[in-house]
Trainee: 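I'd like to ask some things about the structure below.
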Amino acid sequence: MARLIGALLLLLAGPGTHSEEIQKTCIAGEDCMLPCRFREATSELIHWYRNNAVVHSFYYGKDQLDKQDKYFQNRTSLFQDQIPRGNASLLLHATRIQDRGKYLCYSSTSLSSKELSVILEVKAPIKSVDLSVTGDEVRCLSRDIYPAPSFSWSTDPSQPSDLLQPSNNSIQESDHLFSVDSKVRILGDCSNHTYICTITSADQTQTWEASLKCQDMIGTAGQALTIPCLAPRNLTDFTLTWSFIGEQASFTILTFRSLTAEVNIHGPDQAQVNISEAKLGNGTLQLPMGQSQVKARKYNCTFSSFQSTHTILTYISVTDATTAERCLRLFAIPLLLWIVVALGCIVYIKRKEKANKLSLSEAVEMNQKDDKLFTESVLQTRTKTQKPRLS
Ligand SMILES: *[C@@H]1O[C@H](CO)[C@@H](O)[C@H](O)[C@H]1NC(C)=O
Ligand SMILES: *[C@@H]1O[C@H](CO)[C@@H](O)[C@H](O)[C@H]1NC(C)=O
Ligand SMILES: *[C@@H]1O[C@H](CO)[C@@H](O)[C@H](O)[C@H]1NC(C)=O
Ligand SMILES: *[C@@H]1O[C@H](CO)[C@@H](O)[C@H](O)[C@H]1NC(C)=O
Ligand SMILES: *[C@@H]1O[C@H](CO)[C@@H](O)[C@H](O)[C@H]1NC(C)=O
Ligand SMILES: *[C@@H]1O[C@H](CO)[C@@H](O)[C@H](O)[C@H]1NC(C)=O
Ligand SMILES: *[C@@H]1O[C@H](CO)[C@@H](O)[C@H](O)[C@H]1NC(C)=O
Ligand SMILES: *[C@@H]1O[C@H](CO)[C@@H](O)[C@H](O)[C@H]1NC(C)=O
């Protein structure tokens, strides 16, 4: 609307004044283009200024940088091939917060001259919010933001905010960028509440939320382990990351992307999630029999989605097998083995006896058969020998 009115005013003002103003917002660290156009003609001359400092100059068909302000040295360029087409846009490399301000694009040709103002705003959006547990405090950290954001703490179930007592409620500035670094005291146990840190950008267009909860578990050495982890609410497009927190560093053991239902397993742990459950926000991890001798283990289960993360830290104390189980292993299992062996022996002996009996009866039968054959043959020989005598 404002622009429309501006354009109308320009039209009313007539062709004498060639001055307009535009707004441009760029992201800190990225390249930034300040737009500027003029009516194409020969003998182009382009000057970019900021508060009387020369940002960039071009005439006689090439860049003229001997009067360039040192602050802009090696950081600017024009689109040389576009200049004959009336494009005097300036490219500012790796924009800084300090680059904010009003720029003037002055252009002239054999036909006309023109001035254009570009008001440059530079922002450093919130990129991440990190929650961690340090001793008896939860710490919320988000770095390099501009302009200064606002932030707040809450818990679930909620408790009076004066109980939270953020110990460092300040927003610090360094090199024109702001960082939130705040801590709250853990009330009772870290597993009693979910701690939520919310950071909102100055223009209210971004709201980031990070939450953290703890849970304690007991595992048994050498046995499979199931670590529950549920998303806080209906999440649709998220990444689930499971990591093992070691003494020195963390190791990602599994990632799951809900959109593609793609699971990536890292490391030798052979950890698993049930994909159909994970899609619905149940990221429960199944770890097979652990060989590890580590007695205390820490796992990090994080659901990340657009501008939000939810972390569940699980502290597992690994116990040796219980006394009952040890008894079982020491006595019952060998006993069972003995029973099996004994049973095997008995069966074997029974079989053998049966086999012996069998062979006895067979032998008797054979003998009988032999006897029969014998008598038969004897009879035959007798008849044979007797026949000639008869004939
Ligand atoms: C000027 O040229 C650049 C590079 O081709 C292009 O990205 C930009 O849109 C052009 N600007 C104008 C105002 O035409
Ligand atoms: C710009 O680049 C030149 C050549 O690479 C270098 O000598 C000079 O120091 C640079 N200037 C700044 C301000 O970085
Ligand atoms: C948990 O894991 C997430 C994702 O890998 C990471 O951003 C976060 O810093 C970790 N948190 C803790 C307390 O280790
Ligand atoms: C807040 O944190 C900053 C930087 O970590 C530190 O310099 C300052 O002393 C802290 N303030 C309080 C009250 O703890
Ligand atoms: C934290 O939870 C434990 C058991 O879940 C309970 O015994 C304890 O009273 C709780 N502490 C606070 C401060 O709520
Ligand atoms: C979660 O989503 C399912 C289906 O998409 C719906 O039936 C259920 O009511 C939702 N639950 C909550 C707590 O929003
Ligand atoms: C995953 O969970 C679903 C629903 O609870 C179940 O029907 C299915 O058998 C499970 N799959 C595996 C591989 O355990
Ligand atoms: C989560 O999934 C696991 C299997 O991976 C299943 O045993 C458990 O019952 C599920 N929990 C809930 C609350 O659905």
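What you are looking at is a predicted structure, and each value in this text was computed from that prediction instead of being measured. Note that ligands are numbered from 1 as they come in the structure, with each ligand's atoms numbered from 1 the same way.
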Trainee: Show me, by chain and number, every protein residue that has a heavy-atom distance under 4.0 Å to ligand 2.
Mentor: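 Ligand 2 is contacted, at a heavy-atom distance under 4.0 Å, by Q73, N74.
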Trainee: By number and element, which atoms of ligand 7 are closer than 4.0 Å to a non-hydrogen atom of S276?
Mentor: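 Counting from 1, the qualifying ligand atoms are 1 (C), 2 (O), 3 (C).
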Trainee: Pull out every atom of ligand 1 sitting under 4.0 Å from any heavy atom of S89, numbered as shown with elements.
Mentor: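 So the answer, numbered in order with elements, is 1 (C), 11 (N), 12 (C), 13 (C).
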Trainee: Please confirm whether R50 makes a cation-pi placement over F72, using NZ or CZ under 6.0 Å from the six-membered ring centre and within 45° of the ring normal.
Mentor: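 Checked: cation-pi criterion not met.
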Trainee: Quick one: sort the Y195 and H193 rings into parallel, tilted or perpendicular, breaks at 30° and 60°.
Mentor: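 Aromatic pair Y195/H193 classed perpendicular.
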Trainee: At less than 4.0 angstrom from any non-hydrogen atom of Q82, what atoms of ligand 1 do you find?
Mentor: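 Those atoms are 2 (O), 5 (O).
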Trainee: I'd like to know whether CG of D81 has more than 12 heavy-atom contacts from other residues, nucleotides or ligands below 6.0 angstrom.
Mentor: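 Buried by this count: over 12 neighbours within 6.0 Å.
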Trainee: Under 4.0 Å from a heavy atom of N87: give me the atoms of ligand 1 that qualify, with their elements.
Mentor: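 Taking each heavy atom of N87 in turn, ligand 1 has 1 (C), 2 (O), 3 (C), 8 (C), 10 (C), 11 (N), 12 (C), 14 (O) under 4.0 Å.
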Trainee: For residues 208-243, which residue pairs qualify under ring pair (Phe, Tyr, Trp, His ring centres under 6.0 Å), counting only residues two or more places apart or in two chains?
Mentor: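 Listed by first then second residue: F238-F303.
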Trainee: Sub-3.5 Å donor-acceptor pair from the side chain of N274 to the main-chain atoms of S276, do we have one?
Mentor: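 A pair under 3.5 Å: yes.
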Trainee: Is the side chain of T198 donor-acceptor paired with the backbone N or O of F151 at a distance under 3.5 Å, no angle test?
Mentor: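 Checked: no pair found.
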Trainee: Taking side chain as C-beta onward, heavy atoms only, is C301 less than 4.5 Å from I227?
Mentor: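 The answer is no; the side chains never approach within 4.5 Å.
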Trainee: Check for a donor-acceptor pair, side chain of T95 on one end and backbone N or O of A28 on the other, with a separation under 3.5 Å.
Mentor: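 No: the side chain of T95 does not pair with the backbone of A28.
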